[in-house]
Amino acid sequence: MRLSQAFQPTLKEVPAEAQIASHRLMLRAGLVRQTSSGIYTWLPAGLRVLRNIANIVRQEQDQVGGQEVLMPTIQSADLWRRSGRYDAYGPEMLRIQDRQGREMLYGPTNEEVVTDLFGSTVKSYRELPKVIYHIQWKFRDEVRPRFGVMRGREFYMKDAYSFDLSYEAAVSSYYRMMLSYLKIFRRLGVKAVPMAADTGPIGGELSHEFLVLAPTGESEVFYDAGWDEMDWESMALNPQNEADLQKLQNLVKETYSATDEKHDLTAWEAVPEDRRRGGRGIEVGHIFYFGTKYTEAMGVEVNGADGAAIHPHMGSYGIGVSRLVGAIIEASHDDAGIIWPEDVAPYRAALLNLRPGDETCDAMCESIYSCDPEGLLYDDRSERAGVKFNDADLLGHPWQIIVGPRGAKNGMVELKHRATGERSELPLDEALAKLGLR
RNA sequence: CGGGGCGUGGCGCAGCCUGGUAGCGCGCCUGUUUUGGGUACAGGAGGCCCCCGGUUCGAGUCCGGGCGCCCCGACCA
């Protein structure tokens with residue numbers, strides 16, 4: 001993308017409403033604009049990040065057998081009456097009426113829709129287990145939206161639902177999903193620790209939240225240093241292997257972690273003092289096992305091998321995709337701006353032409369740009385070098401390819417790594433090779 | 001939902017107490033200048049002062065009501 005043609009506004013000054021780093025940076029870098037309290041428009045760069053995250057989530061969910069669908073945002077109240085949650089959910093649910101006066105709602109979650117969908121299509125035990133998920137906008141009328149997209153009212157969420165024939169199978173699905181989540185967060189470049197959690201209005205008995213550690217997090221967390229030390233790559237747990245899932249389950253049992261609401265002082269005392277870790281965390285995922293709560297309430301059953309009806313056991317698994325944009329920034333930024341992990345960055349590199357109009361610089365930039373017009377943000381504006389440097393740091397692309405008259409006439413470009421600040425001057429070909437552009 | 005605060009060009013703010021020509025910085029446009037970390041100078045555009053009502057000769061300013069937004073707390077991907 002050529003920056004001169006992009007819809008990419010950056011702000012020099014910080015809008016007064018933004019209090020925390022990620023919110024300030026998202027506004028300054030032109031990722032989002034607020035349209036009303038807790039509701040945002042995503043601008044091109046922000047949308048790219050949102051999609052990158054969603055794609056990683058999608059790949060990993062497919063990897064563990066997830067089937068992607070797209071359920072609606074608007075749901076009927078009747079469906080929620082069948083589960084008994086229409087009255088239970090409270091004012092957080094946005095309730096609306098259509099022109100016939102029918103009661104509708106903007107979905108805060110999708111257990112009802114998915115359970116109904118499943119029940120109306122799946123009739124035999126042979127079709128289980130199933131994992132159905134979608135990535136869709138949700139609305140929860142929060143009492144107090146804040147922190148930008150971290151606690152918006154409208155938010156983008158991946159929610160998956162598992163259906164199993166037995167408790168044991170459902171627990172396997174639960175830990176398989178946990179494994180998938182651990183991998184997702186690793187790929188997103190954040191450290192998220194699963195912590196014992198309350199089940200809230202979704203109900204159920206087994207539940208973990210995934211928390212990204214950050215000082216601005218809303219929950220207080222307590223965990224065993226073991227979580228910092230686990231080497232998931234070399235453990236290579238296979239989600240399709242029951243023994244590996246058991247291993248994970250044991251690790252979770254043996255390695256303490258909890259948010260303040262589930263904090264267990266007795267168990268905490270058992271953790272050696274020098275291994276106790278605490279802090280604040282941002283909840284970016286939440287998984288639940290809640291058994292037959294919805295399948296029973298909504299009368300969903302399949303036939304077993306012996307012909308007897310079985311209420312499938314369910315779990316639900318959420319990842320706050322839009323919240324993750326904020327959480328990642330919260331965990332990865334400096335005074336100059338955002339520092340994107342490679343896989344979520346809106347562009348893999350910024351290409352800075354320090355002197356547009358200079359024949360050598362222009363020619364070199366054009367040849368670099370043509371390698372990957374989609375993945376490079378080419379700053380071809382007639383701005384001063386300082387402006388370009390500052391904007392590039394603010395936007396936080398993993399790399400900056402700096403082309404100035406000094407080096408260009410010798411066929412050299414400068415490469416700056418945003419995360420380390422490291423700069424090196426390289427011949428053009430070497431630089432391209434290093435970034436995988438050639 | 002309880003407590004606090006704020007609404008004035010795109011952004012950050014002053015002006016309000018003590019009513020009388022709507023201001024500053026940044027950004028934007030034009031020109032010159034500068035050319036490796038937000039350059040300098042000159043000229044210029046841009047404002048239902050959140051809305052409604054009241055007081056007054058006169059309201060951004062005072063009074064009443066409403067709306068919006070933010071912050072702190074209790075609640076949640």
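Below, read A as the first sequence line, B as the second, and so on, with proteins coming before strands; counting in each chain starts at 1. All of these numbers come straight from a predicted model, not from anything done at the bench.
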Item to check | Among B/A77, B/G38, B/U39, the nucleotide that comes nearest once only the side chain of A/R140 is considered | outcome: B/A77
Checklist entry - Can you tell which of B/C69, B/G36, B/C72 lies closest to the side chain of A/S37? => result B/C69
Checklist entry - Between A/K12 and B/G27, is there a side-chain N or O to OP1/OP2 distance below 4.0 Å? => result yes
Checklist entry - Any side-chain N or O of A/Q34 less than 4.0 Å from the OP1 or OP2 oxygen of B/C70? => result yes
Next on the checklist: Looking at the base of B/G38, is there any donor atom on it, or on the side chain of A/E383, that sits under 3.5 Å from an acceptor on the other one?
Outcome noted: no
Is [X] touching bases, backbone alone, or none of the nucleic acid, heavy atoms closer than 4.0 Å?
| X | answer |
| --- | --- |
| A/L11 | nothing |
| A/E414 | base |
| A/G318 | nothing |

Checklist entry - Under 4.0 Å between a Lys/Arg side-chain N and an Asp/Glu carboxylate O for A/K388 and A/D391? => result no
Item to check | Separation of atom CZ in A/F147 from atom C1' in B/C71, rounded to whole Å | outcome: 10 Å
Checklist entry - Expressed in angstrom and rounded to an integer, what is the separation of A/E13 atom CD from B/C11 atom C1'? => result 6 Å
Determine the Euclidean distance between corresponding [atom1] atoms of [M] and [N]; express it in Å to zero decimal places.
| N | M | atom1 | answer |
| --- | --- | --- | --- |
| B/U21 | B/G44 | P | 22 Å |
| B/C49 | B/C62 | C1' | 16 Å |
| B/C51 | B/U8 | C1' | 15 Å |
| B/C29 | B/G10 | C1' | 14 Å |

Item to check | Six-ring centre of A/W268, A/R276 cation under 6.0 angstrom, axis tolerance 45° | outcome: yes
Checklist entry - Under a 3.5 Å cut-off for both distances, is B/G68 Watson-Crick or wobble paired, and to whom? => result B/C6
Next on the checklist: Students often mix this up, so state it plainly: with edges at 30° and 60°, are the rings of A/Y181 and A/F185 parallel, tilted or perpendicular?
Outcome noted: perpendicular
